[in-house]
Number of protein chains: 2
Amino acid sequence: MAKASQAAGLHRAALDQLHDLDAALELMYYGWRGMTLEADEYLAKQGLSRPHHRILYVVARRPDIAIGSLLEVLGISKQALNRPLNLLLERKLVVSKRSPEQHRSKLLRLTAAGQRIEHRASDYERNVMRKAFDRAGASGAAAWMAVMEAIADHN
Amino acid sequence: MAKASQAAGLHRAALDQLHDLDAALELMYYGWRGMTLEADEYLAKQGLSRPHHRILYVVARRPDIAIGSLLEVLGISKQALNRPLNLLLERKLVVSKRSPEQHRSKLLRLTAAGQRIEHRASDYERNVMRKAFDRAGASGAAAWMAVMEAIADHN
DNA sequence: AGTCTCAAGTCAACATAGTTGACATGAAAG
DNA sequence: CTTTCATGTCAACTATGTTGACTTGAGACT
């Protein structure tokens with residue numbers, strides 16, 4: 001039973017299967033952990049965490065995004081955004097400037113340093129995915145995407 | 001902003017793709033959300049949440065598990081287990097008894113009420129998976145499992 | 001007897017990630 | 001010159017976790 005189950009640990013536990021889809025539930029849980037584990041360790045070394053990464057990830061893919069739009073995309077309150085975003089601004093990983101015409105809003109952008117950290121953190125996650133897709137082949141990867149889309153868009 | 005995307009937040013956002021695997025990262029995120037959304041709403045109605053569900057899920061599949069083993073499986077500290085487990089005991093969803101021979105440990109079991117809640121909550125998650133697997137077919141489901149196993153076991 | 005260990009329980013302080021509500025500020029638009 | 005909009009900030013709160021420092025209760029070992 002015991003292993004190095006400490007870190008974020010949690011090797012996959014040996015549980016009885018009560019239903020045929022229990023394995024799928026557990027794979028979703030451990031899959032999420034497996035994908036984010038190394039990225040989170042890297043971010044922790046930088047004094048950052050998952051919320052910071054989410055901000056960096058979105059701003060990287062929507063340069064000049066306004067704060068209000070960022071709040072929408074992230075789905076959190078402005079008060080919740082406040083602390084992590086201010087840290088990123090203080091650390092100069094993100095810069096804000098006023099919009100030229102829409103002078104009320106502030107537009108966010110990553111600095112070079114911010115881009116570097118975003119890229120490295122996301123790369124840890126992409127590498128996990130790449131290896132898994134390589135093993136599964138192109139058709140397996142496509143099937144995984146199709147299933148995940150169905151789950152994500154489930155209403 | 002519409003409130004529909006508020007609650008569970010976060011419709012899938014339209015972000016630029018910087019790398020070919022960005023879509024996969026986002027699908028993992030939204031997939032996790034999609035699978036757990038309804039279950040979390042049901043649990044909230046019962047005054048419970050994800051940690052309570054994790055406990056119920058594990059104890060359901062390991063009847064007479066000792067507290068120490070439960071801590072190992074969940075990968076959290078005993079202090080973190082304390083509150084949610086005590087709530088489950090107070091609400092009589094879980095019962096503990098001393099082991100007959102190993103009298104030092106306490107063994108945990110679900111009551112009928114605990115089984116009912118565990119089953120319903122997990123069923124919400126299984127139903128999401130079932131629908132996605134039905135769409136993808138048996139081979140798609142198998143491919144999804146294979147990819148997730150590779151991700152989960154990534155070291 | 002007494003002591004040592006093990007499993008569990010508890011207390012306190014802290015960190016992180018979020019929530020509401022209330023209010024302030026600075027620029028634009030009427 | 002007042003309203004509106006986007007942003008910012010203060011405070012109080014909840015939830016989920018962490019360490020560290022104990023205590024308790026039961027077995028096990030001289």
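The structure displayed is predicted, hence computed values, not measured ones. Each chain gets a letter, A, B and so on, in the order the sequences are listed, and its residues count up from 1.
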Where protein sits on nucleotides 8-13 of chain D, one letter per nucleotide: B base, S sugar-phosphate only, - none, heavy atoms under 4.0 Å: BBB---

side-chain hydrogen bond (donor to acceptor under 3.5 Å, both in side chains) involving S122(A) - partner list, sequence neighbours excluded: H53(A), E118(A)

Residues forming a salt bridge (charged side-chain N to carboxylate O under 4.0 Å, His left out) with D22(B), sequence neighbours excluded: R61(A), R126(A)

Set of residues satisfying salt bridge (charged side-chain N to carboxylate O under 4.0 Å, His left out) with respect to K97(B), sequence neighbours excluded: D64(B)

Rounded off to whole Å, could you give me the [atom1]-to-[atom2] distance for the [X] and [N] pair?
X	N	atom1	atom2	answer
R98(B)	dG25(D)	CZ	C1'	7 Å
L70(A)	dA6(D)	CG	P	15 Å
L81(B)	dG17(D)	CG	P	10 Å
I76(A)	dT16(C)	CD1	P	16 Å
L43(B)	dA15(D)	CG	P	14 Å
H53(A)	dT16(C)	NE2	C1'	18 Å
D40(B)	dA15(D)	CG	P	14 Å
I65(A)	dT7(D)	CD1	C1'	15 Å

Among dA8(C), dT18(D), dT16(D), the one nearest S105(B) by side-chain distance: dA8(C)

Does a side-chain N or O of [X] approach OP1 or OP2 of [N] to a distance below 4.0 Å, or not?
X	N	value
S77(A)	dT19(C)	yes
S49(B)	dA15(D)	no
R54(B)	dG17(D)	yes
R50(B)	dG17(D)	no

Cluster overlap L107(B) with L70(B), hydrophobic side-chain contacts below 4.5 Å: no

Pairs meeting criterion side-chain hydrogen bond (donor to acceptor under 3.5 Å, both in side chains) with involvement of residues 129-149 of chain A, two or more places apart: N127(A)-R130(A)

For V94(A), side-chain contact (heavy atoms from CB on, under 4.5 Å) partners two or more places apart: L56(A), L85(A), L88(A), L89(A), L108(A), L110(A)

Side-chain donor-acceptor pair present, Q46(B), H52(B), cut-off under 3.5 Å: no

Along DNA chain D (nearest heavy atom to each residue), the more 5'-positioned of R83(B) and G68(A): G68(A)

